[in-house]
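Structure first, commentary second.
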Amino acid sequence: MVKKIKQINWVYLAGFLDGDGSIYVRIKPNNTYRYGFQIAPSVVFFQSAKEKQKIEKLQKIYKIGYLRDRKDGITEWVIGDEKSIRLIIENTRNFLHLKQKQAQLMLEVLDRKKLIKTEKEFIKLAKNVDRFRELNYSKKRKKLLAP
């Protein structure tokens with residue numbers, strides 16, 4: 001995974017995350033999961049495809065996630081596995097200014113997700129995930145579960 005990374009690199013990544021990144025969790029319908037929904041956490045960084053080499057360099061330094069080119073000329077660095085998300089959040093959260101609440105909420109969701117044993121607990125987690133809607137701006141955001 002990741003070799004020893006200098007603190008200055010984490011500080012830089014925190015600034016990048018604050019400005020051109022996103023921390024969020026989606027609840028996606030998926031019948032193969034116990035309660036019919038999948039909890040899908042993500043940390044994503046965005047960069048113009050014209051500057052793709054910059055985001056490629058970061059992805060190579062950290063050796064996590066994958067790059068995706070969108071049709072609108074944006075390249076995304078997507079980190080979706082929980083171990084890598086924790087690595088990013090735990091090493092950048094003290095340097096974040098704009099996304100500290102999202103980072104803390106992400107860690108809470110990841111911790112709580114491991115403890116789900118009942119549908120009631122799953123619904124409580126889903127309501128916690130809905131808190132991202134208050135913290136993040138999204139035109140497409142849907143609320144999947146009733147209050």
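E119 contributes no side-chain N or O that, together with a main-chain N or O of Y35, makes up a donor-acceptor pair within less than 3.5 Å. Judged by distance alone, the side chain of E121 and the main-chain N or O of K117 form a donor-acceptor pair under 3.5 Å.
In this structure, the side chains of R86 and D111 come closer than 4.5 Å at one or more pairs of heavy atoms. By the 4.5 Å heavy-atom criterion applied to side chains, L110 and P41 are counted as neighbours. Counting heavy atoms from C-beta outward, L13 and Y62 have side chains that approach closer than 4.5 Å. At a threshold of 4.5 Å between non-hydrogen side-chain atoms, the residues K52 and K54 do not count as touching. Between F122 and R34 there is no side-chain heavy-atom pair separated by less than 4.5 Å. Contact check for I123 versus K127: side-chain heavy atoms found under the 4.5 Å cut-off. Side chains of F37 and N30 form no contact here, defined as non-hydrogen atoms less than 4.5 Å apart.
A49 and T75 get closest at one heavy-atom pair: CA-OG1, 3.5 Å. In plain terms, the two heavy atoms of G65 and Q59 that are nearest each other are O-NE2, 3.0 Å. Nearest heavy atoms, S48 versus I74: CA-CD1, 4.2 Å. When all heavy atoms of L98 and D18 are compared, the pair lying nearest together is N-OD1, 2.9 Å. Across R93 and A103, no two heavy atoms sit closer than the pair CB-CB, 4.2 Å.
Between atom CG of residue D69 and atom CG of residue L67 there is a gap of 7.5 Å, rounded to the nearest 0.5 Å. In this structure, K6 NZ and I61 CD1 are separated by 10.5 Å, a value rounded to the nearest 0.5 Å. Atom CZ of R112 is separated from atom NZ of K124 by 5.0 Å, given to the nearest 0.5 angstrom. Distance check: Q7 CD to N94 CG gives 9.0 Å after rounding to the nearest 0.5 Å. Rounding to the nearest 0.5 Å gives a distance of 4.5 Å between CG of L125 and CD1 of I116. Considering CG of L58 and CD of Q53, their distance stands at 11.0 Å, rounded to 0.5 Å.
Aromatic ring centroids of F16 and W77 lie 6.0 Å or more apart. Residues F132 and Y24 place their aromatic rings such that the two centres sit no closer than 6.0 Å.
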Can you list the steps and then say if F95 with Y12 is a side chain to side chain contact (heavy atoms under 4.5 Å, CB included)?
CA-CA 9 Å; F95 309 114; Y12 174 82; over 6 Å; no
Check: Which is it for R68 and Y66 under the side chain to side chain contact (heavy atoms under 4.5 Å, CB included) test, yes or no, and what are the steps along the way?
Finding: CA-CA 7 Å; R68 183 178 87 129; Y66 64 92; 4.2 Å; yes
Practice task
Any chance you could lay out the side chain to side chain contact (heavy atoms under 4.5 Å, CB included) test for Q102 and K99, step after step, and finish with the verdict?
Solution key: CA-CA 5 Å; Q102 290 92 327; K99 294 193 170 92; 3.8 Å; yes
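Of the residues listed (I85, V44, I23), the one engaging I79 in a side chain to side chain contact (heavy atoms under 4.5 Å, CB included) is I85, and it is the only one. When V25, V129, I39 are each tested for a side chain to side chain contact (heavy atoms under 4.5 Å, CB included) with K113, only one passes: I39. With Q104 as the partner, the side chain to side chain contact (heavy atoms under 4.5 Å, CB included) test is satisfied by one option alone out of M106, E108, Q100: E108.
By the neighbour-count criterion of 12 heavy atoms within 6.0 Å, atom CG of N31 is sparsely surrounded, having that number or fewer from other residues, nucleotides or ligands. In this structure, I8 places its CD1 atom where only 12 or fewer heavy-atom neighbours from other residues, nucleotides or ligands lie under 6.0 Å away.
At a threshold of 4.5 Å between side-chain heavy atoms, the hydrophobic network of Ile, Leu, Val, Met, Phe, Trp and Tyr places F45 and I5 in one connected group.
In summary, K83 and D81 do not engage in a salt bridge, as defined by a charged side-chain N under 4.0 Å from a carboxylate O.
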